[in-house]
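To start, the structure under review is shown below, and the notes come after it.
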Protein chains: 2
Amino acid sequence: MQRVGATTIKQIAEELGVHPSTVSRALNPSTRRLIGKDTIERIEQAAKKLGYYPNAAAASLRTGRSKLIGVFLPDISNPVFSPILSGIAEVTSEAGFATIVADVGTESRSQTEMMFELVARRVEGLILATVSRNDKLVQQCMSEGLPVVLVNRAESQMRVSSVTSDDAYGMRLAIDHLHQLGHRRIGHLAGPQNLSTGYLRGKGFNEAIIALGLDPSETPVVECSAYTRQAGAIAMNTLLAQKPHVTAVVASNDLVALGAYDALQKAGLKVPDDISVVGHNDMPLVDMVHPPLSTIRISHRELGREAARLLMSEINHDGSARRSIVLAPELVVRSSTRKL
Amino acid sequence: MQRVGATTIKQIAEELGVHPSTVSRALNPSTRRLIGKDTIERIEQAAKKLGYYPNAAAASLRTGRSKLIGVFLPDISNPVFSPILSGIAEVTSEAGFATIVADVGTESRSQTEMMFELVARRVEGLILATVSRNDKLVQQCMSEGLPVVLVNRAESQMRVSSVTSDDAYGMRLAIDHLHQLGHRRIGHLAGPQNLSTGYLRGKGFNEAIIALGLDPSETPVVECSAYTRQAGAIAMNTLLAQKPHVTAVVASNDLVALGAYDALQKAGLKVPDDISVVGHNDMPLVDMVHPPLSTIRISHRELGREAARLLMSEINHDGSARRSIVLAPELVVRSSTRKL
DNA sequence: CCTTCTAAAGCATTCGATTGCAAAGGGGAA
DNA sequence: TTCCCCTTTGCAATCGAATGCTTTAGAAGG
């Protein structure tokens, strides 16, 4: 049942002939001041000698605090989301919290079921990287009274805190870059419109087009069904069929951009000689593809860190107001874009 | 403190005028047979109505089982390790276990400290993807009586179960391939020798060289300090300085191979015209680099799944013997290798 | 009609740490 | 010397679920 050697506070107390509560206080930083110095010394030594580690379940039961948080990811193995997780783990573990991951993508159960399972484990908060623009999960968490922070993706109503990249600004960077290179007929491979990233980048695209006074009829938008290479290739083909004369495309995501590469190659078009391509995210290795992809860099690890910090502060000072943090992305010019 | 609305068994019992123990048994599949059918029905309805979710901490305290496992990764955001985590999460969550991740790479504390923190949380087992060939952490886990499974990397003494790819066989595949293409002077960019992957792939390299009767003085080996592009580039330069006449190199890892790409490009050598390159792992996107990388494919997700299955069975039937599972990798030929 | 079973439910304890309250002991002030 | 206070420690209840043991109420059998 219990592993051998699981020392309890009681055993330490017996060893030293003191009361368990004294041991508890001596070992707890916030109550240590109540105990005599030499007693603390003796207790700490005994604890070390007996290999004592507090039973988190017992403490959690009594205090109602589990020091656990949950993280929902659409796909752990996606190079966009794994650095987010890494950033989250970095911050939370420093704060003494352990992180439970839920890979929603490969999960047979629904997100709601997963959420309730984590509620059963009394997680103190949730970080969601999975939400769509109008996600019922947010409402469910709120009615459970569970602190929630959204990361990477936000929802349309700003009901909870979020940390995202400035999607519209990223698009603006991409399009300004292409515009400076002389491109006027620019297409957009939009992401799924039910995700904030897809929606806001699309919106950013339109705004930038208008701001630069470009002809909307020459700046077609095609929506991808997902952030994948396959979907990107399909969308690129559609766009090519609609407007064969575009000289550049801006993808909503690097994988989509690489899908566009695939489609363009099949169509016999060269990047960047015949058409320029800009991605979004700056995933690992996109500097190694051929040609190296110009893209919008987002620090996903930093996104994760900020989200974790936000959640930690919401958990600790419960009053803290809802906040939305928007990080600025940057343009990385490589070789997939060229002067017209 | 405790979130509002955290219903307890007692509340359900009061609502229905039955004893808490009856509620507990009714809600627990393994004790349900002790309770009358209609009582079960009433209890289940009340539980749903009140939004009851069992307090995992309380159950864990009483039963000594936390339904938690821990996973140690050297780097979550590394595309080699994130699919492993994904595979683990898939299997464990199906078994009702939650997975706590520890990203050892970005962690300021030592692995030993992390381990004890997880012990405090009463995790029922650990999956380690971090161990070196001679890692004291394994010993420490063993003396804590904690079930452990190693994944991707094994240790030299087979003291605990492990799931790995057949590293030597993978090397054999790579070298047979190059040999068939006519290559005779083949170099090896070895991984860190304190990691089983680096060591075994190096060993596999040597064995294959001997088996094919190649001249060892024409098949140089250079060890990389890490599995990174930088280290790969440095090692490639060293190898080039030692034996400029090699016609092919086998890298211990895809990133190392890409580092070799960098170094070769700087040296004015073309892949595969001047020199063939083979990687190892088949990371995402290495089919998109220029030229597309021939490599040894490992299903990291499957590695994770198997490791999780192994751990689950060790946790459940405590008697189960130590086992080591070795998965066969496969050769993926792309365009970085060419007939001599 | 009485005994014997058995199914169903209740009772009380337990897991290990935390914490409000009580008590003891020592020191200082009046 | 007495009284009070403060520091240090002990006591006991508590968190919520699980579980061995007991009790109760019918049913079955003689």
Side-chain angles (χ1 to χ4, degrees), chain A residues 1-43 46-47 50-67 96 119-122 124, chain B residues 1-44 46-47 50-67 96 117 119-122 124:
Chain A
M1 177 135 300
Q2 198 70 10
R3 283 183 10 271
V4 263
T7 316
T8 69
I9 254 184
K10 213 168 164 187
Q11 288 171 28
I12 298 180
E14 264 169 24
E15 174 94 0
L16 262 48
V18 299
H19 197 269
S21 66
T22 306
V23 177
S24 170
R25 284 192 255 258
L27 261 23
N28 189 330
S30 67
T31 49
R32 184 164 310 167
R33 56 187 170 70
L34 295 170
I35 305 298
K37 262 203 299 183
D38 47 340
T39 312
I40 291 181
E41 182 99 349
R42 286 167 57 219
I43 289 176
L50 297 176
Y52 172 76
Y53 285 92
N55 185 323
S60 168
L61 176 57
R62 177 63 225 250
T63 63
R65 300 205 53 179
S66 62
K67 289 273 188 175
V119 166
R121 291 185 188 274
R122 299 298 188 267
E124 299 187 38
Chain B
M1 175 134 298
Q2 197 71 13
R3 282 185 6 275
V4 264
T7 316
T8 70
I9 254 183
K10 212 168 165 187
Q11 289 170 28
I12 299 180
E14 263 169 25
E15 173 95 1
L16 262 49
V18 299
H19 197 270
S21 67
T22 306
V23 177
S24 171
R25 284 192 255 258
L27 260 22
N28 190 330
S30 67
T31 48
R32 185 164 309 168
R33 57 188 169 69
L34 295 170
I35 306 298
K37 262 203 299 184
D38 47 342
T39 312
I40 291 182
E41 181 100 350
R42 285 168 56 220
I43 289 176
E44 276 179 341
L50 297 176
Y52 172 75
Y53 287 92
N55 185 322
S60 167
L61 176 58
R62 177 64 224 249
T63 62
R65 300 205 55 179
S66 62
K67 289 274 189 174
E117 191 168 308
V119 166
R121 291 185 188 274
R122 299 299 188 267
E124 299 187 38

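Chain A is the first sequence line, chain B the second, and so forth, proteins listed ahead of strands; every chain is numbered from 1.
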**Study point:** OP1 or OP2 of D/dT9 under 4.0 Å from side-chain N/O of A/Thr39
**Key:** yes
Review point. To the nearest 0.5 Å, what is the distance between CD (B/Glu41) and OG1 (B/Thr39)?
Key: 10.0 Å
Point to revise | Distance below 4.0 Å between A/Thr22 side-chain N/O and D/dG10 OP1 or OP2 | key: yes
Point to revise | Least distance between heavy atoms, A/Ser60 atom then B/Ala57 atom | key: OG-CB, 3.5 Å
Practice item. Can you tell me the distance, in whole Å, between the CG atom of B/Asn55 and the P atom of C/dT14? Key: 21 Å
Review point. Bend angle of the helix from C/dC1-D/dG30 to C/dA30-D/dT1 from five-pair axes at both ends, rounded to 10°?
Key: 50°
Practice item. Nearest whole angstrom, please: distance from the P of D/dC15 to the CD of B/Gln11. Key: 11 Å
Practice item. Step by step, work out the side-chain contact (heavy atoms from CB on, under 4.5 Å) result for B/Thr8 and B/Gln11. Key: CA-CA 5 Å; B/Thr8 70; B/Gln11 289 170 28; 3.7 Å; yes
Review point. Separation of B/His19 atom NE2 from D/dT22 atom P, in whole Å?
Key: 16 Å
Exercise for review: Would you kindly give the CG-to-P distance between B/Leu50 and D/dG16, to the nearest whole Å?
Suggested key: 14 Å
Review point. Do B/Arg25 and C/dG10 have a side chain to base donor-acceptor pair shorter than 3.5 Å?
Key: yes
Exercise for review: Quick one: label A/Leu34 by what it contacts on the DNA or RNA (base, sugar-phosphate, nothing), any heavy atom closer than 4.0 Å.
Suggested key: base
**Study point:** Any A/Ser21 side-chain nitrogen or oxygen under 4.0 Å from OP1 or OP2 of C/dT19
**Key:** no
Practice item. Give A/Ser24 one of three labels, base, sugar-phosphate or nothing, depending on what nucleic acid heavy atoms sit under 4.0 Å from its own. Key: base
Check your understanding: Counting just side-chain N and O atoms, does B/Tyr52 come under 4.0 Å of either OP1 or OP2 of D/dA17?
Key -> yes
Review point. Can any side-chain N or O of A/Arg32 pair as donor or acceptor with the backbone N or O of A/Ala26 at less than 3.5 Å?
Key: yes
Review point. When the nearest nucleotide of DNA chain D is assigned to A/Lys37 and to B/Thr31 on a heavy-atom basis, which residue is associated with the more 5' position?
Key: A/Lys37
Exercise for review: Any chance you could lay out the side-chain contact (heavy atoms from CB on, under 4.5 Å) test for A/Leu27 and A/Tyr52, step after step, and finish with the verdict?
Suggested key: CA-CA 10 Å; A/Leu27 261 23; A/Tyr52 172 76; 3.7 Å; yes
Point to revise | Shortest non-hydrogen contact between A/Ile43 and A/Val23, atoms and distance | key: CD1-CA, 3.7 Å
Study note, to complete from the structure: Taking every heavy atom of B/Ala58 against every heavy atom of A/Leu61, the minimum-distance pair comes out as CB-CD1, 3.7 Å
Point to revise | Quiz item: A/Arg62 side-chain donor-acceptor pair to D/dG16 base, under 3.5 Å | key: no
Check your understanding: Roughly how many Å is it from CG in A/Leu16 to P in D/dT9, rounded to a whole number?
Key -> 11 Å
Exercise for review: Could you check how far CZ of B/Arg65 sits from P of C/dC15, rounded to whole Å?
Suggested key: 19 Å
Check your understanding: Heavy atoms under 4.0 Å, any strand shown: does B/Val23 hit a base, just sugar-phosphate, or nothing?
Key -> nothing
Revision key, fill the gap. Between CD of A/Glu41 and C1' of D/dT8 the distance, given in whole Å, is 17 Å
Review point. Would a distance-only check, ignoring hydrogens and angles, find a side-chain to backbone donor-acceptor pair under 3.5 Å from B/Arg121 to B/Ser66?
Key: no
Point to revise | Between D/dG10 (C1') and A/Lys10 (NZ): distance, integer Å | key: 15 Å
